[in-house]
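Have a look at the structure below before the remarks.
Each chain gets a letter, A, B and so on, in the order the sequences are listed, and its residues count up from 1.
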Amino acid sequence: MKPRVAKGTRDFSAQEVAKRHYVMSVLRKAFERFGYSPLETPSFENLETLMGKYGEEGDRLIFKILRSGDFMKHAESDVPKASEIADKALRYDLTVPFARYVVQNAGQLAMPYKRYQMQPVWRADNPQKGRFREFYQCDADVVGSQSLWQEVELVHLYQAAFDALNLPVTIRLNNRKVLAGMAEVSGVGDRLVAFTVALDKLDKIGVEGVVNELLSKEFTLEEIEKLKPAMQSFATTNESIAFLRTWLSDSEIGIKGVEELTFVLDHAGNAPLIIDITLARGLNYYTGCILEVSANEVQMGSVGGGGRYDDLTGIFGLHDVSGVGVSFGLDRILLCLEELHRLPNTLESAPKALVFHMDTDQAKEGYQLTAYLRKAGISVDFYPEPAKWKKQFDFAEKRGIPFALLYGEEEMKQGVVQVKELRTGDQEAIRYVDLAAHLATR
RNA sequence: GUGGUUGUAGCUCAGUUGGUUAGAGCGCCUGAUUGUGGUUCAGGAGGUCGUGGGUUCGAAACCCAUCUUCCACCCCA
């Protein structure tokens, strides 16, 4: 058997973990600065909690867990349905478990409840570039407030987080009510989802592609002609707002959407926010504002997205609890930062020094030196075998350990240790009492 | 789920129309070198050719299945 990771999963080396922890710690600080509380939920849920929450397509992509024991016991045939032999499933996203948690603890939570959550999720999708079967989601959501100030705050959360990451972005904003208005004034209000799914692909397949997709979804040419204004782009946000006010003037919901857009825009301050009336996002539980973030200097899909969903907890029986939230795409953010060389070069994944195993007689002194430095808060490693120096140097080099600590009879007599910097080859004798302080500053 | 693509040493890859014992570079191990690595030189180990069937006198190569990689679609982060 050849050892390998399961399809669509990855191992993360020390260096990769260091980078991921860096981004997550920046996000965590931003979340907490904006008043969000952490939440963690189990990696698997009862199957019924997840099934039917992501559409038919989603059900297919949920990793299901076989019943314990005789899993065929409840099977009604030799080719049983998933729900007969599986009763649990791996978390597919963080939003549905969050909704479950809110409903389950509705009485206890102080509303509005703001939480952030950074945990892996699993999807039985076919992997491709930047898409995996196991990946992290970093979400911040707030439930229990319909105030548009929440949207404004999320825009500023995005701004603060990406500023801290030194990754310039553009936040695109639209509103589901505007899209509903477009559909309404074009007489296709009953096919809003099909319309938005097609429109969302505009930047990818162009006007012609969207028209073709609408045709294949049995929209008439006349209807498509009426929807065409949705596919144009505007030079300024003022222009697009003015256009929408005129176009959607006969649609109550459309005008409501325009007002919501305007409110967020008016209070966004200097956030890098633009209106994009072609932004649709496939997710059909969004009901109000929708957001998407893309990096300015890198050709990459979105590095974040989110929106308002008025009745997410309704699926668990708790109605009239409005929610709005955003997600950060950890893997893509990392790809951007790597491409732009914006990751701090101080990320530590290796000990600062390696104490050499000089020879068997001095092993005790070597280990004591190691223990002394560890107590002083320095990350050090002690080479466990009396190997050749070349081997110990190579080991340190390979692990990225910057300093080698060498000592012998002469040094011990003088109370010093030779500190050799591997990168430069420079070496100096440092007294025991100064050693911890010396290493701490390097 | 659909269509294409990929798999040979630890890593990156050669391997001719099917024909002796499957190669290279890097890495690894040993030595030149008993307290100062990275250079150099000499030697060495390491491969069920993804897996399972099939065709053939003969398969790393051709066929089928399966797993995996990457890409596109669906969908999505």
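A:Arg332 places its CZ atom 9 Å from the P atom of B:rA77, with the value rounded to the nearest Å. Straight-line distance from the CG atom of A:Asp394 to the C1' atom of B:rU39: 13 Å, rounded to whole Å. The distance between atom CG of A:Leu61 and atom P of B:rC73, rounded to the nearest whole Å, is 16 Å. With rounding to whole Å, A:Glu57 atom CD is found 11 Å from B:rU2 atom C1'. Atom C1' of nucleotide B:rU36 and atom CD1 of A:Ile401 are separated by 17 Å, given to the nearest angstrom. Distance A:Asp139 CG to B:rC76 P: 15 Å, rounded to the nearest Å. Taking atom CZ of residue A:Arg133 and atom P of nucleotide B:rC75, one finds them 19 Å apart after rounding to whole Å. Rounded to an integer number of Å, the gap from A:Arg20 CZ to B:rA77 C1' is 12 Å.
For A:Gln362 against B:rG35, a side-chain-to-base donor-acceptor contact under 3.5 Å is absent. Side-chain to base pairing of A:Gln418 with B:rU36: no donor and acceptor N or O lie closer than 3.5 Å to each other. For B:rU2, its base sits under 3.5 Å from the side chain of A:Asn126 at one donor and acceptor pair at least. Judged by distance alone, with hydrogens and angles left aside, A:Arg131 brings no side-chain donor or acceptor close enough to the base of B:rC70 to form a pair under 3.5 Å.
Looking at heavy-atom distances under 4.0 Å, A:Gly305 makes no contact with the nucleic acid at all. Among the protein residues, A:Arg60 comes within range of the nucleic acid bases, having at least one heavy atom under 4.0 Å from a base atom. Residue A:Gly8 is in sugar-phosphate contact alone, with no base atom involved, counting any heavy-atom pair closer than 4.0 Å across all strands shown. Within 4.0 Å (heavy atoms only), A:Phe132 reaches at least one base atom of the nucleic acid. Residue A:Glu292 is out of contact with every strand shown, counting any heavy-atom pair closer than 4.0 Å. Among the protein residues, A:Gln392 comes within range of no part of the nucleic acid, since none of its heavy atoms lies under 4.0 Å from any strand. Using a 4.0 Å heavy-atom distance criterion, A:Lys201 is classed as a sugar-phosphate-only contact. Within 4.0 Å (heavy atoms only), A:Leu422 reaches at least one base atom of the nucleic acid.
Put simply, A:Phe393 does not rest on the base of B:rG38: the two rings are not both less than 5.5 Å apart at their centres and under 30° in tilt.
Using atom P as the reference point in both B:rG25 and B:rC41, the two lie 12 Å apart (nearest Å). Atom C1' of B:rU33 sits at a distance of 46 Å from the matching atom of B:rU16, rounded to the whole Å. For B:rC28 and B:rC11, the C1' atoms lie 11 Å apart once the distance is rounded to whole Å. Comparing the C1' positions of B:rG47 and B:rG23 gives a spacing of 11 Å, expressed to the nearest Å. Comparing the same atom, P, in B:rA32 and in B:rC49 gives a spacing of 38 Å after rounding to whole Å. The gap from the P atom of B:rG7 to that of B:rC13 amounts to 10 Å, rounded to the nearest Å. Here, B:rC71 and B:rG15 have their C1' atoms 26 Å apart, quoted to the whole Å. For the C1' atom pair drawn from B:rA45 and B:rU36, the interatomic distance equals 28 Å after rounding to whole Å.
For A:Phe356 and A:Phe393, the ring centers are positioned less than 6.0 Å apart.
Ring geometry for A:Tyr101 against A:Tyr113 counts as tilted: the plane angle lies between 30° and 60°, on a 0 to 90° scale. Under the 30°/60° scheme for interplanar angles, the aromatic rings of A:Phe31 and A:Phe328 are found to stand perpendicular.
When distances are taken from the side chain of A:Asp125 to each of B:rC75, B:rG35, B:rA77, the shortest belongs to B:rC75. For A:Trp389, the side-chain atoms get nearest to B:rU36 when compared with the rest of B:rG38, B:rU36, B:rA77. Of all nucleotides listed (B:rC29, B:rU36, B:rU2), B:rU36 comes nearest to the side chain of A:Lys420.
Residue A:Lys391 places none of its side-chain N or O atoms closer than 4.0 Å to OP1 or OP2 of B:rC28. Phosphate contact (OP1/OP2 of B:rG35, side-chain N/O of A:Lys388, threshold under 4.0 Å): absent. Put simply, A:Gln128 has no side-chain N or O that comes within less than 4.0 Å of OP1 or OP2 on B:rC70.
Partner assigned to B:rU2 is B:rA72, using Watson-Crick or G-U wobble distances below 3.5 angstrom. Pair assignment for B:rA24 gives B:rU12, based on Watson-Crick or G-U wobble hydrogen-bonding distances that are each under 3.5 Å. With a cut-off of 3.5 Å on both pairing distances, B:rU36 has no Watson-Crick or G-U wobble partner at all. The partner of B:rA65 is B:rU51, judged by Watson-Crick or G-U wobble contacts that both fall below 3.5 Å.
In plain terms, the two heavy atoms of A:Pro168 and A:Arg342 that are nearest each other are CD-NH1, 3.6 Å.
Taking for each of A:Thr424 and A:Ala6 the nucleotide of RNA chain B with the nearest heavy atom, the 5'-most of the two is the partner of A:Thr424. Comparing A:Glu410 and A:Gln137 against RNA chain B, the residue whose closest nucleotide sits nearer the 5' end is A:Glu410.
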**Prompt:** Going through the checks in order, is the side-chain contact (heavy atoms from CB on, under 4.5 Å) test met by A:Asp139 and A:Tyr116?
**Reply:** CA-CA 5 Å; A:Asp139 285 12; A:Tyr116 73 89; over 6 Å; no

**Message:** Using side chain to side chain donor-acceptor pair (under 3.5 Å), reason through A:Asn175 and A:Glu260 one step at a time and then give a plain yes or no.
**Reply:** CA-CA 8 Å; A:Asn175 195 293; A:Glu260 291 186 10; 2.9 Å; yes

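A cation-pi arrangement is not found for A:Arg133 relative to A:Phe63, the charged atom failing to lie both closer than 6.0 Å to the ring centre and inside a 45° cone about the ring normal. A cation-pi arrangement is present between A:Arg115 and A:Phe98 under the rule of less than 6.0 angstrom and at most 45 degrees off the ring axis.
With 3.5 Å as the limit, one finds a donor-acceptor pair spanning the side chains of A:Asp93 and A:Tyr54.
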